[in-house]
A.B. asks: 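The following block contains the structure, expressed as structure tokens.
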2 protein chains.
Amino acid sequence: MAPTHDPQLLKGVLSLLLLRLLAERESYGYEVVQRLRELGLTDISEGSVYPALARLEREGRLHGRLVASRSGPARKYYRPTPAGDQALAQGTESWLSLAAVVHPVLVRRLPDPPTADPATAGPPRATPPTVTPPTATEDTGR
Amino acid sequence: MAPTHDPQLLKGVLSLLLLRLLAERESYGYEVVQRLRELGLTDISEGSVYPALARLEREGRLHGRLVASRSGPARKYYRPTPAGDQALAQGTESWLSLAAVVHPVLVRRLPDPPTADPATAGPPRATPPTVTPPTATEDTGR
DNA sequence: CACCCTACTCGACAATGCAAGGTACCTGGC
DNA sequence: GCCAGGTACCTTGCATTGTCGAGTAGGGTG
């Protein structure tokens, strides 16, 4: 992804990604950070991930267990609880249906800039017919 | 989209959508709310939209002008400034590249749940090879 | 010992959507 | 006149969550 992203866009997404990655494979915090980096999300720092993990654990969505390491400090492994699985399913649906709306809007053509904008304060041009919203299943192909 | 969405997911997205819709066509606040609703975003209330519009105007990204209405109250029309156009371009790129990461992760298959989890505290299974991150251009088709 | 890597914690902060409460201008019915 | 409904707008306090910056601790190596 772009080297810098708007932090606001990540809100709600980070915890969803964490649940998802940990549903795929149990991991410890540092490893999760690395997996996020491998996905291209290089701007996400440990200072963001650990509190998010702690929050999900506190909410009962993640189960954490401390495992002594043979060399180096102990590792805290996480995986989703059933409540976490449910949150993941709901959050996934939520994100997918939002993206199904946002993506087509962002990629469709912009109209040409208006020429020689009239300086009058007249009302803008009449409302054109509304576009039909895409269905939530429109963007599931990959 | 789903009747209820996680409000956090909308952070950063709402202002992006506002810039986009207003770049396509100058509109007044109430009309923008209706256009968002037509897109399927029925959970977005005016209490969210007006402060966002005011914020974008204060930041110099939107230009607002009050137009008296023939019947009913005056309408405040908005359209993006050049700074707003730039913010839209950057925000669009940011969202698209984030979505290019998030979407494939959310739709790929989950592994089967592990059977009869061993109750021992042994370290989890060895780390499998990492998956290659998708490119940012992977999800531009529609 | 110092340094580096691994692995984790924590508190203050900023940003932004949301809920709730309101205001004002019209029109139509009683 | 009053009231209800619709249009159109405004505002404030709040909750949430990622970010930043600062740290801690366990090992191995020179």
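Note that the structure is a prediction, hence the values are computed from the model and not measured. Computed over heavy atoms, backbone and side chain alike; hydrogens, waters and symmetry mates excluded. In what follows, chains carry the letters A, B, and so on, assigned in the order in which the sequence lines appear, proteins first and then strands, with residues in each chain numbered from 1.
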A.B. asks: Does any donor atom in the side chain of B:Ser15 or B:Arg55 lie under 3.5 Å from an acceptor atom in the other side chain?
C.D. replies: no
A.B. asks: Which listed nucleotide (D:dA15, D:dT17, D:dT19) is nearest to the side chain of B:Lys11?
C.D. replies: D:dA15
A.B. asks: With heavy atoms under 4.0 Å as the rule, sort B:Ser48 into base, sugar-phosphate or nothing.
C.D. replies: base
A.B. asks: Hey, does the side chain of A:Tyr50 reach the backbone of A:Tyr30 with a donor-acceptor pair shorter than 3.5 angstrom?
C.D. replies: yes
A.B. asks: With a 4.0 Å cut-off on heavy atoms, is B:Ala74 in touch with a base, just the backbone sugar-phosphate, or nothing at all?
C.D. replies: sugar-phosphate
A.B. asks: Take the protein atom CG of A:Leu14 and the nucleotide atom C1' of D:dT16, then report the distance between them rounded to whole Å.
C.D. replies: 13 Å
A.B. asks: I need the CG-P distance between A:Leu53 and D:dT17, as an integer number of Å.
C.D. replies: 14 Å
A.B. asks: Write down the distance between CZ (A:Arg70) and P (D:dG28), rounded to a whole number of angstrom.
C.D. replies: 11 Å
A.B. asks: How would you give the extent of chain B contacts on DNA chain C, as first and last nucleotide 5' to 3' within a 4.0 Å heavy-atom cut-off?
C.D. replies: C:dT16 to C:dT27
A.B. asks: Are A:Arg65 and A:Glu57 within salt-bridge range, i.e. N to O under 4.0 Å?
C.D. replies: no
A.B. asks: Ignoring backbone atoms, test whether A:Ser71 places a side-chain nitrogen or oxygen under 4.0 Å from the OP1 or OP2 oxygen of D:dG28.
C.D. replies: no
A.B. asks: So what does A:Ser15 hit on the nucleic acid, given a heavy-atom distance under 4.0 Å: a base, only sugar-phosphate, or nothing?
C.D. replies: sugar-phosphate
A.B. asks: Rounded to whole angstroms, how far apart are CG on B:Leu10 and P on D:dT17?
C.D. replies: 14 Å
A.B. asks: Main chain of A:Leu106, side chain of B:Arg20: is a donor-acceptor contact present, judged purely on distance under 3.5 Å?
C.D. replies: yes
A.B. asks: From CD1 of A:Ile44 over to C1' of D:dC20, roughly how many Å is that when rounded to an integer?
C.D. replies: 15 Å
A.B. asks: I'd like to know if B:Glu31 pairs up with B:Lys76 as an ion pair, taking the criterion as any Lys NZ or Arg NE/NH1/NH2 lying under 4.0 Å from an Asp or Glu carboxylate oxygen.
C.D. replies: no
A.B. asks: Counting the atoms with a prime plus P, OP1 and OP2 as sugar-phosphate, which does B:Gly29 contact under 4.0 Å by heavy atoms, base, sugar-phosphate, or nothing?
C.D. replies: sugar-phosphate
A.B. asks: Could you check how far CD of B:Glu57 sits from P of D:dC10, rounded to whole Å?
C.D. replies: 8 Å
A.B. asks: Rounded to whole Å, please give me the gap between OH in B:Tyr28 and C1' in D:dC9.
C.D. replies: 12 Å
A.B. asks: With nearest nucleotide decided by heavy atoms, which residue, B:Gly72 or A:Ala52, maps closer to the 5′ end of DNA chain D?
C.D. replies: B:Gly72
A.B. asks: Would you tell me whether B:Arg35 and B:Ser27 have side-chain atoms, one donor and one acceptor, within less than 3.5 Å of each other?
C.D. replies: yes
A.B. asks: Which residue lies toward the 5' end of DNA chain C, A:Arg75 or B:Gly12, if each is placed at its nearest nucleotide?
C.D. replies: A:Arg75
A.B. asks: Send over the distance from A:Lys76 NZ to D:dA25 P, rounded to a whole Å.
C.D. replies: 17 Å
A.B. asks: Taking A:Ser94 for its side chain and A:Gln90 for its backbone only, find out whether a donor-acceptor pair lies under 3.5 Å.
C.D. replies: no
